[in-house]
Amino acid sequence: MVSKFIRFLGSIKLAVPVLVAIASILVWATFYESQVGSLVVQQQIYKSPWFGGLMFLLAVNLGISTLSRYPWRGARKVGFALTHLGLIVLIAGSAAVIHLGVEGLLLVRTDQPANHLVRVEGELLEVMDDQGQVQQAAVMVTPERVISPTQFAGLTLLDYNENSIETVEYREGDAQDEPAIRLVLSSDRMGETFEQWLSPAADRIDLGPAQLELWQAADKSNLQQLLADPTQAQSRSSGTLQIQLGKINTTFAIDELRRHDGSLDDATIHLVNAWPDFRLDDHNQPITASQDWRNPAVEVELVQADHRERWYVFAQTGLDPILVGDAEQFDLSLSYQVPPPSATDYFRVVVANQQLYYAARSSQEFSSGPLAMDQIIQPGWADFQIALADWLPHAEMIQERFSAPPGVEGSPALQVATADGQQQWLPWGESALITDGSYGLMTAFGPRMMPLPFGIGLDDFIVERNEGSESVAMWTSQIRLENLQDGGTEQRSVWMNHPTWYQGWKIAQASWNPGDLNQSTLQIKREPLWVTGLTWSGALLTVLGIGTMFYGPTLLKKRAIPVAVSEKSVVADPTPASLATQDG
């Protein structure tokens, strides 16, 4: 029974259906790859366990078929054995290339330094826990939005959107949250009606040449400035300074602090200086480089009893306040906000003392006043009308992602869920903090990048055109290879079907951008040396075996002809030696 099964494994009855199945799969995979891309085909087919099992079954069939004909005597049997052995080695080499080879794309530019990060196929999900431990996983998504893996680092991968946009909505929060409003804009002439949420955290929304704005007035003076007609305003507001000392939180208008000091509980706030465009001179002294409001900053001093602190506070996002002199003594938090320069057209909503006000400006008119629910305002932008649809004095922001409508460019996003069921979208190329129970997970979703041991820079990109026409004949990347260890450089040129090799890596021309000749895309590929040797050995054995089977018998026959003729001439003479003597 066992011997019968083994004979079947090495029989032609098994080889034919296996070969037909593999050939059919490869033909289908070629067309499927044009629809879904090589990455999906690699993961679903070539790297799948079932395809690997099918190839292994073919290798077993070839091996048993070869061993069953031992001993290999004669050219045909030797050639048969070599051919089958070569095919087995080729199958092993192909599997090694698929699972151990590395391939990716590298973008280089003439106006940028050398690049050493290769973009490989697939996306990368990184998760860092509260202990600082980072885990990474390659995320694969099929066209049917089937995600692999489905579980990683305590997160469940729920969904993927190739082209998504983010929408922001709000719901009633607690007393610590800032206000938010929802406006409805409509135009009969354009046949459009849409809604837009606004909050102080995102105080401006661009609508082409116009803007929607939401501001919180610090005091009556600040309210008057925000509602004033900019054509009649004498000067621009210098902004507001928000100070939190312990549990006390107060906002001061900078223009008011110019005239007199402010007070906060038993502390005094003194404005030392203000700069519209803060810079440090050659002696590290603060100056204003211009009167343009490019980098506003103020210097304030806080005095309480015998304690005194001086701070530089910046309006630019991302610049933290700087303490001057001794270590910090107060439980203090500072922030500086400056109203942005007004657009030609804008609709501004101002919150002051739990009341709403508006200021609408167009190139033709300006209006302002109190704003009530469902009140319709005509800002003067063609036939647009604006109405207040909702107002939340304390709003909590909710971010959602939806598929971008046709013609709108969005970005990929991955939806994940924590163990306690909290769901969140992770935009491509950005990081996000997800709260899982009592601790947070820092996550990042973006491209898979592989570092090279060397850098590649683009010195020049040359496009050759056919004589007498604008058609492209050839394009060449003149690249610079920089060794990251010893700093050595080499100049090479690569063009289509003419790659170069460096430190075991193959560098080939992949594509170019006709609209930007300062850019080139290179294909970077590498596989272990023994894998390359394996595939070449398999190919040589296969060719040698086929040659031996077809030409070996003929060559051996020609070599044996002279020997056969000489033996025949000796045996063919029937005359006895005695008769020959007698005749002589």
Side-chain angles (χ1 to χ4, degrees), residues 29-30 32-47 97-126 136-143 148 160 162-163 409 411-412 414 428-430 444-463 472 474-484 490-528 531-532:
T30 302
Y32 186 52
E33 184 175 356
S34 64
Q35 301 175 2
V36 302
S38 60
L39 176 63
V40 175
V41 172
Q42 287 277 351
Q43 296 299 318
Q44 290 188 343
I45 301 176
Y46 302 136
K47 292 185 178 180
V97 168
I98 292 174
H99 293 279
L100 301 179
V102 177
E103 182 178 349
L105 297 177
L106 181 75
L107 182 68
V108 289
R109 295 185 58 86
T110 57
D111 53 1
Q112 291 182 1
N115 187 8
H116 73 286
L117 294 176
V118 177
R119 172 73 163 97
V120 296
E121 290 185 297
E123 315 298 341
L124 182 68
L125 176 61
E126 295 182 284
Q136 297 180 338
V139 178
M140 308 298 173
V141 184
T142 69
S148 176
Y160 175 83
E162 177 66 27
N163 190 38
E409 182 178 357
S411 62
L414 178 69
W428 193 83
E430 300 180 19
F445 176 60
R448 290 180 62 197
M449 307 299 293
M450 178 190 67
L452 291 173
F454 56 91
I456 303 179
L458 182 64
D459 291 335
D460 196 8
F461 188 80
I462 302 172
V463 178
V472 177
M474 181 61 65
W475 56 88
T476 303
S477 295
Q478 294 184 348
I479 61 175
R480 181 181 66 260
L481 303 172
E482 299 182 358
N483 193 315
L484 300 181
E490 294 185 28
Q491 272 69 33
R492 305 279 182 88
S493 294
V494 295
W495 60 96
M496 293 303 295
N497 300 322
H498 287 79
T500 186
W501 279 262
Y502 185 73
Q503 296 186 7
W505 294 81
K506 178 183 176 182
I507 306 169
Q509 183 70 53
S511 63
W512 65 297
N513 184 358
D516 187 359
L517 297 184
N518 291 321
Q519 175 180 308
S520 178
T521 303
L522 304 175
Q523 182 192 51
I524 312 297
K525 187 175 182 179
R526 186 181 188 182
E527 58 191 36
V531 173
T532 304

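Remark: Leu106 CG to Ile479 CD1 distance equals 9.0 Å, nearest 0.5 Å. Distance check: Gln491 CD to Thr500 OG1 gives 12.0 Å after rounding to the nearest 0.5 Å. How far CH2 of Trp428 is from CG of Leu124: 11.0 Å, rounded to the nearest 0.5 Å. For the atom pair CH2 of Trp495 and OG of Ser520, the computed distance is 13.5 Å after rounding to the nearest 0.5 Å. The line from CG of Leu481 to CD1 of Ile456 is 6.0 Å long, rounded to the nearest 0.5 Å. Summarising the geometry, atom CG belonging to Leu107 is positioned 11.5 Å from atom CG belonging to Leu117; distances are rounded to the nearest 0.5 Å.
Contacts of Pro453 classified as side chain to side chain contact (heavy atoms under 4.5 Å, CB included), with partners at least two apart in sequence or in another chain: Gln503, Trp505. Under the side chain to side chain contact (heavy atoms under 4.5 Å, CB included) criterion, Glu103 pairs with Gln523, Lys525, not counting sequence neighbours. Residues satisfying the side chain to side chain contact (heavy atoms under 4.5 Å, CB included) test with Pro514, not counting sequence neighbours, are Trp512. Annotation: side chain to side chain contact (heavy atoms under 4.5 Å, CB included) contacts of Ile45 (sequence neighbours excluded): Ile25, Trp28, Ala29, Tyr32, Val41, Trp50, Phe51. Qualifying salt bridge (Lys or Arg N to Asp or Glu O under 4.0 Å) partners for Glu162, counting only residues two or more places apart in sequence or in other chains: none. By the salt bridge (Lys or Arg N to Asp or Glu O under 4.0 Å) test, Arg119 is found to be paired with Glu123, residues two or more places apart in sequence or in another chain being considered. In this structure Thr476 satisfies the side-chain hydrogen bond (donor to acceptor under 3.5 Å, both in side chains) test with no other residue, sequence neighbours excluded. Taking Arg526 as the reference, nothing meets the side-chain hydrogen bond (donor to acceptor under 3.5 Å, both in side chains) condition, with sequence neighbours excluded. For Tyr502, there are no side-chain hydrogen bond (donor to acceptor under 3.5 Å, both in side chains) partners, not counting sequence neighbours. Judged as a side-chain hydrogen bond (donor to acceptor under 3.5 Å, both in side chains), and not counting sequence neighbours, Trp501 has no contacts. With sequence neighbours left out, the salt bridge (Lys or Arg N to Asp or Glu O under 4.0 Å) criterion links Glu482 to Arg480.
Closest non-hydrogen pair, Ser511 versus Gln509, comes out as O-NE2, 2.9 Å. What you find for Tyr160 and Pro412 is that their closest heavy atoms are OH-CB, 3.4 Å. For the pair Ala510 and Leu105, the tightest heavy-atom approach, listed with the atom from each and the gap, is CB-CD2, 3.9 Å. Among all heavy-atom pairs drawn from Val120 and Met450, the shortest one is CG1-CB, 4.1 Å. Taking each heavy atom of Leu458 and Ser477 in turn, the nearest pair found is CD1-CB, 4.0 Å.
Between the Gln112 side chain and the Ala114 main chain, no donor and acceptor come within less than 3.5 Å of each other.
At a threshold of 4.5 Å between non-hydrogen side-chain atoms, the residues Ile507 and Pro499 do not count as touching.
Every pair passing salt bridge (charged side-chain N to carboxylate O under 4.0 Å, His left out) that includes a residue from residues 498-522 is listed here, sequence neighbours excluded: Arg109-Asp516.
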